[in-house]
Amino acid sequence: MPTYTPPLRDMRFVMHEVFKVSDEFKAIPRYAEADADTINAVLEEAGKFAAEVTFPLNAAGDVEGCKLDPATHEVTTPAGFKEAYAKFVEAGWPALSCDPEFGGQGLPLVVNQCFYEMMNSANQAWTMYPGLTHGAYAALATHGTPEQRKTYLPKMTSGEWTGTMCLTEAHCGTDLGLMRTKAQPQADGSYRITGNKIFISAGEHDMAENIVHLVLARLPDAPPGIKGISLFIVPKLLVKADGSLGERNPVFCGGLEHKMGIHGNATAQINLDGATGWMVGQPNKGMQAMFVMMNAARLGVGNQSLGLTEVAYQNALAYAKERLQMRSLSGAKAKDKPADPIIVHPDVRKMLLTAKAYAEGGRALLVFCSVLLDKSHFHPDEKVRQDSDELLSLLTPIVKAFTTDNGHIATNACLQVFGGHGYIHEWGMEQFARDNRINMIYEGTNTIQALDLLGRKVLGNNGATLKKFGKLVAQLVQEEGVNEDMAEFVNPVAYLGEQMTKFTTEIGFRGFQNPDEVGAAAVDYLRVAGHLVHGYFWARMAQVALREIAAGNTDPFYRAKLQTARFYFAKLFPETAMLMRTARAGARPLMDTDLALA
Ligand SMILES: Cc1cc2nc3c(=O)[nH]c(=O)nc-3n(C[C@H](O)[C@H](O)[C@H](O)COP(=O)(O)OP(=O)(O)OC[C@H]3O[C@@H](n4cnc5c(N)ncnc54)[C@H](O)[C@@H]3O)c2cc1C
């Protein structure tokens, strides 16, 4: 059976030594008291919850899955899920980063992000029930009326009610403009919603007393396409004026999907049969309101893969130290044993270090983005809020796609470390790989993320936001450009930064002549950008490690960090050269293929 140890030491390193988050928070009155000790103490307890309460349910939940009673439309989650959720609510975990106005604890979002990394390592399927609630909370907090906020947010903060996002229909996933679900206005200001949604995560379950569905639908006079979509709150149980629960709303689970992974999460077909709903935000501006939830969810999905990368790595590392097979090419290492542990073999090390580098680089990226989110919401200086928001918007598709692609690479590499045993259920490794697979698909496939990055966020504003990230790189070069010890980390990032400018202009020029050129380059482009970003964070982590070592710190943590940084720059980062080459090969080898694809 797999094991899990919360990576608290590395979280503390990233938060306090690399990004000095408490210093950032001193400038934000709301977080003035969020010092390192408070954050560390909360995360220590949070790690215990993940490791001791939800992790033990992960493998069993995968086997058991969820069950639908077709007569009542009620869904039963795997054994122990409901009880774990009761403990989660009782301990106040849902409220960690929610607004004190609604009963939240008001801790920085970065604390919640680290908590959820651990929860995703422990049990992604379980974690999606409260995880989606945070996205729905964010959409309502931003676009809900004061009345809607008062009715729903305290219950979502306490965890008594959970949330969902209902976008997808059988004929429309990526292209939501094709949506058919209808919303008919009623005399009392409510709407009657009718339609069929599919693939709704946590769409029906027995863990909370009510489910708040956020549903996209069309008004009768809505313009066609994406500009004619509005957002509605559709609770499973209607809420009475005094806040108590009333009758059942006709929003029923019509079926559960049988799927590759995350079996413990109910992926529901949701039938809205004249269900009562209330509009959130403006008519036909539903996508704007839903984007708050989608952006939160995109960061959340990256965090899911970060969690799975970490737990897969931990288990593969332990196995590689125990499993004896063959002798080391450079001579026996464990002479007292019949064979050496497989960790002596270069390629096993490569697989382990790949997962480790992606986990630690991914953690730096996610923590950095969570601090940006905190600043974009709550920093007193409007310019800081705006800059943080713009940078976050650039990095969001990278978090979503690069981290989940890396999760795919890492969980599969870690499975491979186990050889045939990795393919066998009881070791848990195949579950990590299966569970991760959906992360590359939902919340906008990774291709759609790449198009968003290159088309909208880079070319759409002539690279202005990309230049903002470039400024961070330039600052690092300025700080460390003459430090010989840092050259191996800073030079590749600086060089790639320069190449990116030319590469982007080139694709932009070609795309201007033929838009398919953008589609053909986008996925490769995002991966190059992902390495630029990871490279920058690895250089910053190496910078801290080198300083500590120079100051006489003998903690092996810092030397390990440098070794991983060296591995990353030597073995993973150079992928960028190949990716730029394939991107430059352009659209023709793809589009001039009608005969090949006939
Ligand atoms: C387990 C699971 C949970 C989910 N949870 C939710 C949920 O909670 N709420 C919800 O609303 N939805 C949910 N989804 C739906 C998910 O978001 C969609 O499946 C996803 O957005 C893709 O849509 P689709 O499946 O219709 O694929 P399609 O849109 O049909 O896409 C098929 C392929 O075509 C590609 N493609 C499409 N358009 C383009 C383009 N313009 N350029 C390049 N390539 C393109 C896609 O990248 C993809 O590879 C979930 C799905 C699953 C499987």
Side-chain angles (χ1 to χ4, degrees), residues 62 65-66 75 124-125 127-136 139 162-181 195-205 211-217 225-226 229 231-232 234 251 253 255-270 272 286-287 289-291 293-298 300-301 304-305 397 400-401 404-405 408 434-456 511 515-526 587 590-591:
D62 179 52
C66 296
V75 168
Q124 174 171 324
T127 303
M128 286 169 71
Y129 294 97
L132 277 149
T133 312
H134 283 292
T162 60
T164 72
M165 52 194 301
C166 300
L167 292 73
T168 306
E169 298 175 10
H171 63 287
C172 82
T174 302
D175 191 352
L176 293 170
L178 301 173
M179 187 171 294
R180 291 184 193 139
T181 297
N196 301 100
K197 299 286 178 179
I198 63 162
F199 296 168
I200 305 308
S201 297
E204 183 54 67
H205 59 81
I211 302 174
V212 182
H213 299 286
L214 289 192
V215 178
L216 288 178
I226 203 79
I229 291 175
L231 179 65
F232 301 87
V234 183
V251 46
C253 175
L256 290 180
E257 305 299 344
H258 301 278
K259 55 195 194 286
M260 180 179 181
I262 54 165
H263 292 156
N265 195 271
T267 306
Q269 294 159 21
I270 295 288
L272 299 126
M287 287 309 293
M290 193 50 127
F291 254 110
M293 181 159 189
M294 284 157 76
N295 281 331
R298 284 172 181 179
V301 172
Q304 291 179 327
S305 286
K400 197 305 185 161
T404 60
D405 284 348
H408 181 65
R434 278 188 291 109
D435 283 356
N436 182 75
R437 190 61 185 82
I438 186 59
N439 300 342
M440 301 154 82
I441 298 172
Y442 57 21
E443 272 325 309
T445 63
N446 285 0
T447 304
I448 297 304
Q449 303 302 320
L451 289 169
D452 179 45
L453 176 74
L454 179 58
R456 224 160 63 84
D516 275 339
E517 292 289 344
V518 175
V523 169
D524 292 338
Y525 185 91
L526 183 141
L590 302 173
M591 304 315 281

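One-based numbering, in listed order, for ligands and for the atoms of each. Hydrogens, waters and symmetry mates play no part in the numbers below; they use all other heavy atoms, side chains included.
- If you check each of I262, I448, L132 against atom 40 (C) of ligand 1, the one with the closest non-hydrogen atom is I448.
- In this structure, atom 33 (C) of ligand 1 is not in close contact with the protein, since no protein heavy atom lies within 4.0 Å of it.
- Nearest non-hydrogen protein atom to atom 16 (C) of ligand 1 is Y442 CB, 3.9 Å.
- For atom 29 (O) of ligand 1, a protein non-hydrogen atom is found at a distance below 4.0 Å.
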- Evaluation steps, side-chain contact (heavy atoms from CB on, under 4.5 Å), between L526 and L454: CA-CA 7 Å; L526 183 141; L454 179 58; over 6 Å; no
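- Put simply, part of E443 is less than 4.0 Å from ligand 1, judged by heavy atoms.
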- Item | Stepwise salt bridge (charged side-chain N to carboxylate O under 4.0 Å, His left out) test for D452 and K400 | CA-CA 11 Å; D452 179 45; K400 197 305 185 161; over 6 Å; no
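- Atom 26 (O) of ligand 1 has as its closest protein heavy atom G173 CA, 3.2 Å.
- Here the side chains of L272 and H213 are not in contact, with every heavy-atom distance at 4.5 Å or above.
- In terms of polar-atom proximity, defined here as any N/O pair under 3.5 Å, T168 does make such a contact with ligand 1.
- Using a 4.0 Å cut-off to heavy atoms of I438, the atoms of ligand 1 that qualify are 1 (C), 2 (C), 52 (C), 53 (C).
- Of the N or O atoms in K259, none lie within a sub-3.5 Å distance of an N or O in ligand 1.
- Protein heavy atoms are found inside the 4.0 Å sphere centred on atom 8 (O) of ligand 1.
- For atom 51 (C) of ligand 1, the protein comes within 4.0 Å by at least one heavy atom.
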Which pairs would a plain distance check flag for residues 197-205, meaning a side-chain donor or acceptor within less than 3.5 Å of a matching protein atom at least two apart in sequence or in another chain?
residue: K197; atom: NZ; partner: L167; partner atom: O; Å: 3.1
residue: K197; atom: NZ; partner: E169; partner atom: OE2; Å: 3.0
residue: K197; atom: NZ; partner: L216; partner atom: O; Å: 2.9
residue: E204; atom: OE2; partner: K236; partner atom: NZ; Å: 2.6
residue: H205; atom: ND1; partner: M207; partner atom: N; Å: 3.0
residue: H205; atom: NE2; partner: T162; partner atom: OG1; Å: 2.8

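- Residue C166 places no N or O, backbone or side chain, under 3.5 Å from any N or O of ligand 1.
- Shortest contact from atom 20 (C) of ligand 1 to any protein heavy atom: I441 O, 3.9 Å.
- Side-chain contact check for M290 versus I229: every heavy-atom pair is 4.5 Å or farther apart.
- The proximity of L451 to ligand 1, defined as any non-hydrogen pair under 4.0 Å, is limited to the side chain.
- Here the side chains of M260 and I438 are not in contact, with every heavy-atom distance at 4.5 Å or above.
- Residue contacts with ligand 1: T174 is placed with a nitrogen or oxygen under 3.5 Å of a nitrogen or oxygen of the ligand (distance criterion only).
- In this structure, the side chains of E257 and Q269 come closer than 4.5 Å at one or more pairs of heavy atoms.
- When hydrogens are left out, the protein atom nearest atom 43 (C) of ligand 1 is T447 CG2, 3.6 Å; that is the closest non-hydrogen contact.
- Using a 4.0 Å threshold on non-hydrogen atoms, atom 38 (N) of ligand 1 counts as touching the protein.
- The distance criterion of under 3.5 Å between nitrogen or oxygen atoms is met by T445 with respect to ligand 1.
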- Task: Go through T404 and Q449 one step at a time and tell me if the side-chain contact (heavy atoms from CB on, under 4.5 Å) criterion holds.
- Result: CA-CA 11 Å; T404 60; Q449 303 302 320; over 6 Å; no
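- Under the 3.5 Å distance criterion, the side-chain polar atoms of D435 are matched with a main-chain donor or acceptor of I262.
- Between F199 and ligand 1, a contact under 3.5 Å exists for at least one N or O pair.
- Applying the salt bridge (charged side-chain N to carboxylate O under 4.0 Å, His left out) rule to R437 yields no partners; only residues at least two apart in sequence or on another chain are considered.
- Between A139 and L214, the closest heavy-atom pair is CB-CD1, 3.9 Å.
- When side chains are defined from C-beta on, L132 counts as touching M165, because their heavy atoms get closer than 4.5 Å.
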